[in-house]
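Down below is the structure, laid out as C-alpha cells.
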Amino acid sequence: MALMIHPAAGWKIRSYRRDDDVDLETLFLDCLDAFPWRGGPAEELIRLRQAIRTTRCIVAEEPNAGVVGFLTLEREKAYVPHLFVALDWRFCGIGAGLLDVARDLARAPLSLDVDTQNESAMKAYMAMGWTEKVDAPGGRPGQVRLNGP
Ligand SMILES: CC(C)(COP(=O)(O)OP(=O)(O)OC[C@H]1O[C@@H](n2cnc3c(N)ncnc32)[C@H](O)[C@@H]1OP(=O)(O)O)[C@@H](O)C(=O)NCCC(=O)NCCS
C-alpha cells in the first residue's frame with residue numbers, strides 16, 4: 001500500500017520489503033561516494049543493515065527506475081538515521097516526501113544529524129525549514145543536530 005503518491009513525478013512511497021535490500025544498499029553506497037570525509041563503507045553498511053532491522057524503513061519507488069530513495073526512522077524518538085535519494089532523482093520532492101511520511105508515522109517533528117561537510121544536504125534542510133539545535137551536539141563528531149518543522 002502506498003503511503004504517498006506523486007502522480008505527476010510518478011514516484012510513490014511505501015514500506016520497506018526484504019527484497020529491497022540490494023537496491024537500498026546499492027543506492028546507499030552510490031551516495032556515500034560523495035562523502036569522502038567519511039571512513040570506508042563497511043562500517044556504514046553495518047549501521048544501515050542494523051537500522052533496517054530495528055527501525056521503520058520507507059522506500060520511494062518509481063515504476064521504471066525502481067528504488068529511488070529511502071529513509072529509516074526511530075519512531076519513538078522521531079529520529080531519522082538515514083535519508084538518501086538517488087542522484088538522478090534529486091530535486092523531485094522525494095526527500096521532502098519521505099520526511100513528510102516519516103513525520104506522520106512518528107506523529108512528532110523529526111530530528112536528524114547531518115555532517116557539517118555535507119553542504120548540499122544542509123541547503124536542502126534549510127530550504128525545507130529545518131533549524132540547527134544549538135544546545136545539542138550531533139550524533140557523531142563532525143555532525144550537527146537539526147530539528148524539522
Ligand atoms: C538531501 C537529499 C535527501 C534531498 O533530497 P531531494 O529529494 O533532492 O530533496 P527535495 O527534492 O525534496 O527538495 C526539498 C527542498 O530542498 C531543496 N534542495 C534540495 N537539494 C538542494 C541543494 N543541494 N541545494 C539547495 N536546495 C536544495 C529543494 O529545492 C526543495 O526546496 P523547495 O521546496 O523550496 O523547492 C538528497 O540531496 C540526498 O539524498 N543527498 C545525499 C544523501 C544525503 O546527504 N542525505 C542526508 C544525510 S543527513
Side-chain angles (χ1 to χ4, degrees), residues 2-14 16 20-52 54-75 77-106 108-134 136-149:
L3 299 164
M4 177 185 277
I5 295 177
H6 193 300
W11 51 260
K12 70 174 180 182
I13 294 173
R14 60 164 173 78
Y16 156 84
D20 290 324
D21 282 342
V22 172
D23 291 337
L24 292 199
E25 291 189 9
T26 304
L27 192 164
F28 181 63
L29 292 173
D30 286 349
C31 290
L32 283 187
D33 282 346
F35 295 5
W37 56 88
R38 290 252 181 125
E43 194 186 329
E44 302 292 343
L45 215 41
I46 290 168
R47 285 179 201 263
L48 175 66
R49 287 174 182 161
Q50 186 176 12
I52 287 172
T54 57
T55 70
R56 180 77 198 263
C57 180
I58 54 175
V59 170
E61 183 178 49
E62 197 271 344
N64 296 311
V67 171
V68 290
F70 70 93
L71 175 153
T72 64
L73 171 69
E74 292 176 12
R75 214 165 164 171
K77 294 184 191 161
Y79 177 77
V80 175
H82 297 91
L83 169 63
F84 286 85
V85 174
L87 189 55
D88 290 346
W89 286 87
R90 294 191 189 155
F91 291 96
C92 296
I94 293 171
L98 286 163
L99 289 166
D100 282 350
V101 171
R103 187 187 152 123
D104 284 351
L105 292 169
L110 303 171
S111 66
L112 56 75
D113 295 313
V114 62
D115 296 351
T116 50
Q117 297 189 64
N118 192 349
E119 291 177 15
S120 62
M122 194 69 90
K123 284 180 189 160
Y125 293 123
M126 294 303 128
M128 291 187 275
W130 287 61
T131 51
E132 193 171 332
K133 191 167 167 58
V134 283
R140 293 198 246 172
Q143 291 188 323
V144 288
R145 174 71 46 103
L146 300 183
N147 285 338

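Counting convention: from 1, in listed order, for ligands and their atoms alike. Scope of the values below: all heavy atoms of this structure, side chains included, with no hydrogens, waters or symmetry mates.
By the criterion of a heavy-atom distance under 4.0 Å, neither the backbone nor the side chain of H82 is placed next to ligand 1. Heavy atoms from both the backbone and the side chain of A124 come within less than 4.0 Å of ligand 1. At a 4.0 Å heavy-atom cut-off, ligand 1 touches D113 through the backbone alone. At a heavy-atom cutoff of 4.0 Å, ligand 1 is contacted by the side chain of N118 but not by its backbone.
When side chains are defined from C-beta on, F70 does not count as touching I52, because their heavy atoms never get closer than 4.5 Å.
Residue-ligand proximity, M128 to ligand 1, at heavy-atom distances under 4.0 Å covers atoms 14 (C), 15 (C). The ligand atoms of ligand 1 that sit less than 4.0 angstrom from a heavy atom of C92 are 11 (O). Close approach of ligand 1 to A96 is summarised as follows: ligand atoms under 4.0 Å from at least one heavy atom of the residue are 12 (O). Those atoms of ligand 1 with a heavy atom of F84 less than 4.0 angstrom away are 39 (O), 42 (C). Residue-ligand proximity, K123 to ligand 1, at heavy-atom distances under 4.0 Å covers atoms 24 (N), 25 (C).
The CG atom of L99 lies 6.0 Å from the CG atom of L71; values are rounded to the nearest 0.5 Å. Within the model, atoms OH of Y16 and CD1 of I58 stand 14.0 Å from one another, a figure rounded to the nearest 0.5 Å. Distance check: L110 CG to Y125 OH gives 10.0 Å after rounding to the nearest 0.5 Å. Rounding to the nearest 0.5 Å places CG of L48 at 4.5 Å from NE2 of H82. Atom CZ in R14 sits 4.0 Å away from atom CG in D20 (nearest 0.5 Å). One distance of note links CE of M122 with OG1 of T116; it measures 7.0 Å at 0.5 Å rounding.
The main-chain N or O of D115 is never found under 3.5 Å from a side-chain atom of W37 such that the two would form a donor-acceptor pair. For S111 (side chain) and N147 (main-chain N/O), no donor-acceptor pair under 3.5 Å exists by modelled atom type. With hydrogens and angles ignored, the 3.5 Å screen pairs a side-chain donor or acceptor of R90 with a backbone N or O of V85. Counting only distance, with no hydrogens or angles, the side chain of E62 and the backbone of A65 share a donor-acceptor pair below 3.5 Å.
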Decide side chain to side chain contact (heavy atoms under 4.5 Å, CB included) for M126 and L146; before the verdict, give the C-alpha distance in whole Å, the side-chain angles of both, and the deciding distance to 0.1 Å.
CA-CA 10 Å; M126 294 303 128; L146 300 183; 4.1 Å; yes

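Between L83 and ligand 1, at least one N/O pair is under 3.5 Å apart. Close N/O approach between G97 and ligand 1 is not found [any backbone or side-chain N/O within under 3.5 Å].
Taking atom 41 (C) of ligand 1 as the reference point, the nearest protein heavy-atom neighbour is R90 NH2, 3.3 Å. Nearest protein neighbour of atom 48 (S) of ligand 1, counting heavy atoms only, is Y125 OH, 3.4 Å. Residue, atom and distance of the protein heavy atom nearest to atom 7 (O) of ligand 1 are G95 N, 2.8 Å. The protein atom (non-hydrogen) at minimum distance from atom 22 (C) of ligand 1 is F91 CZ, 3.5 Å. Considering only non-hydrogen protein atoms, atom 31 (O) of ligand 1 sits nearest to A127 CB, 3.7 Å.
Protein heavy atoms all stay at least 4.0 Å away from atom 2 (C) of ligand 1. Taking a distance limit of 4.0 Å, we find that atom 13 (O) of ligand 1 is approached by no protein heavy atom. Distances from atom 39 (O) of ligand 1 to the protein include at least one heavy-atom value under 4.0 Å. There is a protein heavy atom less than 4.0 angstrom from atom 24 (N) of ligand 1. Less than 4.0 angstrom separates atom 35 (O) of ligand 1 from none of the non-hydrogen atoms of the protein.
Between K123 and E119, none of the side-chain N atoms (NZ, or NE/NH1/NH2) sits under 4.0 Å from a carboxylate O, so this pair counts as no salt bridge.
Ligand 1 is approached by G93 to a heavy-atom distance shorter than 4.0 Å.
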